[in-house]
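Please read these numbers as outputs of a predicted model, since none were measured by experiment. Below, read A as the first sequence line, B as the second, and so on, with proteins coming before strands; counting in each chain starts at 1. As a basis for the values below, the full set of heavy atoms in this structure was taken, side chains included, without hydrogen atoms, waters or symmetry mates.
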Amino acid sequence: MNVSVMQENLARGLSVVSRAVSSRATLPVLANVLLRTQDAGLKLTATNLEIGINCWVPGKVAEEGEITVPAKLLTDLVASLPNQRVDLVLSPKDRTLKVTCAGSKSSIKGIEADEFPVVAAIGDAPATTVDARALREALGEVVFAAASDESRPILTGVLTRLAGNRMTLAAADNYRIAVRHLDLASPVSAEMTIVVPGRSYGELMRILPDGEAPVEITVTPNKSQVLFHAEGIDLVSRLIEGQFPNYEPVIPSSHTSRAIVDREAFLAGARRASIFARDSANIVKIALGGDGEDGQGVSITAHAADIGDNADALEAALEGSPTTIAFNARYLIDVLSNLGAEEAALELSGPLAPGVIRGVGKDDYVHVIMPVRTAS
Amino acid sequence: MRTILHADLDAFYASVEVLDDPRLTGLPVIVGGDPGARGVVSAASYEARRFGVHSAMPLQTARRLCPDGVFLPGRPERYRELSDQVMRIFASFTPQVEPISLDEAFLDVTASAAAFGDGEAIARRIKERVRDEAGLAVSVGVASNKLCAKVASDLRKPDALVVVPVGGEAAFLAPLPIRRLWGVGPAAAEALRDFRVSTIGQLAALPDATLRRRFGKHGIALAERARGVDPSAVVSGSAPKSVGHEHTFEHDVIADATLETTLLDLADSVAGRLRHNHLAARGVQLKLRYEGFDTLTRQQLLPRPTREMRPIYEAAVGLLRRVRTAGRGVRLIGVTAIHLTDAEQLTLFDTGADREARLEATVDVVRERFGHDAITRARLLGDRPRRRFDFGERPAAPPDDEGG
């Protein structure tokens, strides 16, 4: 192998694939990145067996070849090099990669490429295409709601339904749920529902291109893996088997109280209250109308027996009857910090009914938070 | 109509000493430091009281009255430990417990009747549990108010159960000496003697005007009390800060399986108490005492507040596996739920955890009705450790079974 690439491109490519590198690899080769000449450039691949990422780096290939080298070592080395041409030359007999850039020469001992697990290149035609920016925004409003603990593995995934012209993403951790719809660039021929690990989507958000660009989505026929392909980048993820809970019935179809609040102000209030809620199970109380000076507005309060308390009054447009509810502050902060809208609508039906948060003027998103029952 | 209990541990400090050292059974035990030094009697066993020793008496006097008495310095930490355990038993019958001191408390059990029966039934169960679990005798008075309950519990100590019938408060108090009444100290008793009042009934019969002239407003309140009227409420303190159970093995244990099964049993009890008190734990603490008595505690936060056995058990087992020195015999193991909260996070879906919660709620109902052993986890059958709490050896008979 003898290939030349620009340092900047190589560094970016390594940073893209590095998140798929296994940090606590049981197989030593999983701590490595696979370098393979392909399509007049260098293809970088890393995998932790849950996800695999390919990133293609443009370059000049003098001699084809492939090798794996420790990902962290190569990434750190390349990050330290000047933005000039980097020559990567493999000496096959001792499996050593020589990295030369400006006056710097390094040798890195590698492991044979054929010891590296195959990251499936899914051959089938893509099921559909979606815009990268739209997908990234949609994922941002959903992925955080997926469960992080493994007690119920299906909830660590994001339900992904492709039907007609529409993609639906839903994530829940049993205390909250986020559901987002977005348009597909091309309709799917057959309806399809898969559950993608939230972590995989987290990585996808990180590596998707910033601007408008098509992202092809392909699912293996046995529904074991999904491939997202954007220009120069593939992300392959395993899928979670099992039945995602039927979430539609738990999304309230009506409410008795509604408040429209500036999202930033609501978020700031929730953050302040959460400081005081730390020692009391992170519970913040929200009152719609009633207690305020003019019976209008929304208040957020938190109380910690040994510490003190905090109250924020927010301007709000209210409809319906005054009510109160208590939430875990984290859930409130999560949705308010990820919601892509200027104003948030909070829809309630009493202290013990699920609370709904939507973006005002945004009918593609709904977020439900289950309240906390408090003694007082 | 309220149902109030006053529960008072009999000769508490002295009883604890007898409990922990059965050789003292039947001996006059006097707690209160070295008798050569200055100081007063903190507690005297009923055997010691027969010599005329009573609490607050100078130790030197006690020594003179009871030269063969067993004088002990007292172990406040141990008393507090047992007191906490007894208070937790009280709290398992009602959240409205007002501790007065380490060894006595008022309980308002008005709202507990549906679950546990009437005041007398609750008093019997409390006495049983305090005896079985703490190895101590407690005297309980049952009445419609605090005043009568307190007088009742004191009337036939030790190990008494005295019920004041509703409507019979005044009649109950009437024959008793006025010094039994709250607010009647030596001075008031002396003053009342001028009116030829020596019993509570005589006090109740005095005209209000007379009392007001002699004692002012205080006199009216006194007469009210003498008629058995006391509207004061049971003021429960703050919610418990932790809920724990521990188990002392008869022989030091090395086998993981035994330790883990015991933890399951303890977690089951802790979770049951959490549910009963409508609390959830945000952390779990493991206590381990090795042979040779060095004790360690380790704690861990839980991802979610819980009142179910499984997360508590899993956290405790995780701690055990991390901290335990393999091969060392374990003498005592305990599980405590910490960082308690009364808030309950509601859930979206019917999950395994919810099914677990329903299962445990059902278990609670069955146990409520048929007793703790009526239903248990299959894993706890057979080698379920016999519950014997952490008191060293327990005397065969209760320490205070004689009058005093």
Side-chain angles (χ1 to χ4, degrees), chain A residues 145 147-155 159 170-179 242-252 277-285 302-306 325-331 350-356 367-376, chain B residues 91 94-97 111 236-243 273-284 299-315 317-318 337-361:
Chain A
S148 51
D149 71 277
E150 298 280 345
S151 60
R152 217 179 155 194
I154 192 79
L155 292 181
L159 179 86
D173 72 358
N174 207 26
Y175 306 101
R176 55 175 167 180
I177 182 165
V179 182
Q243 187 69 41
F244 197 83
N246 183 14
Y247 63 87
E248 275 153 4
V250 303
I251 295 176
R278 273 175 205 155
D279 281 4
S280 53
N282 216 21
I283 294 161
V284 299
K285 291 185 181 170
H303 174 76
D306 303 327
I325 197 162
F327 289 127
N328 182 325
R330 200 187 105 217
Y331 301 150
L352 298 180
V356 175
H367 192 91
V368 179
I369 308 180
M370 291 306 288
V372 173
R373 187 205 306 266
T374 59
S376 49
Chain B
T94 171
Q96 282 175 272
V97 177
S236 52
S238 50
K241 291 221 170 356
S242 66
V243 167
R273 278 232 322 272
L274 287 173
R275 289 192 294 278
H276 190 83
N277 291 305
H278 306 287
L279 293 169
R282 287 185 293 139
V284 169
Q299 59 194 52
Q300 179 183 320
L301 289 178
L302 296 169
R304 316 252 178 238
T306 188
R307 56 184 61 154
E308 269 103 61
M309 183 222 54
R310 186 169 298 278
I312 294 170
Y313 168 69
E314 282 169 0
V317 163
I338 54 174
H339 304 307
L340 304 185
T341 171
D342 58 7
E344 181 193 358
Q345 170 71 61
L346 304 179
T347 57
L348 272 168
F349 306 117
D350 184 19
T351 60
D354 294 332
R355 284 193 292 276
E356 193 87 6
R358 279 208 305 275
L359 170 67
E360 295 195 5

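With a 4.5 Å cut-off on side-chain heavy atoms, B/T347 and A/M370 do not count as touching.
For a residue to count as touching a neighbouring chain, one of its non-hydrogen atoms must lie under 4.5 Å from one of that chain's; by this rule A/P371 touches chain B with backbone and side chain alike. For a residue to count as touching a neighbouring chain, one of its non-hydrogen atoms must lie under 4.5 Å from one of that chain's; by this rule A/Y247 touches chain B with backbone and side chain alike.
With sequence neighbours left out, the side chain to side chain donor-acceptor pair (under 3.5 Å) criterion links B/R273 to B/H245.
Distance OG1/B/T341 to CG/A/N282: 10.5 Å, rounded to 0.5 Å.
With respect to B/L348, the side-chain contact (heavy atoms from CB on, under 4.5 Å) criterion is satisfied by exactly one of A/L155, A/I177, A/I369: A/I177.
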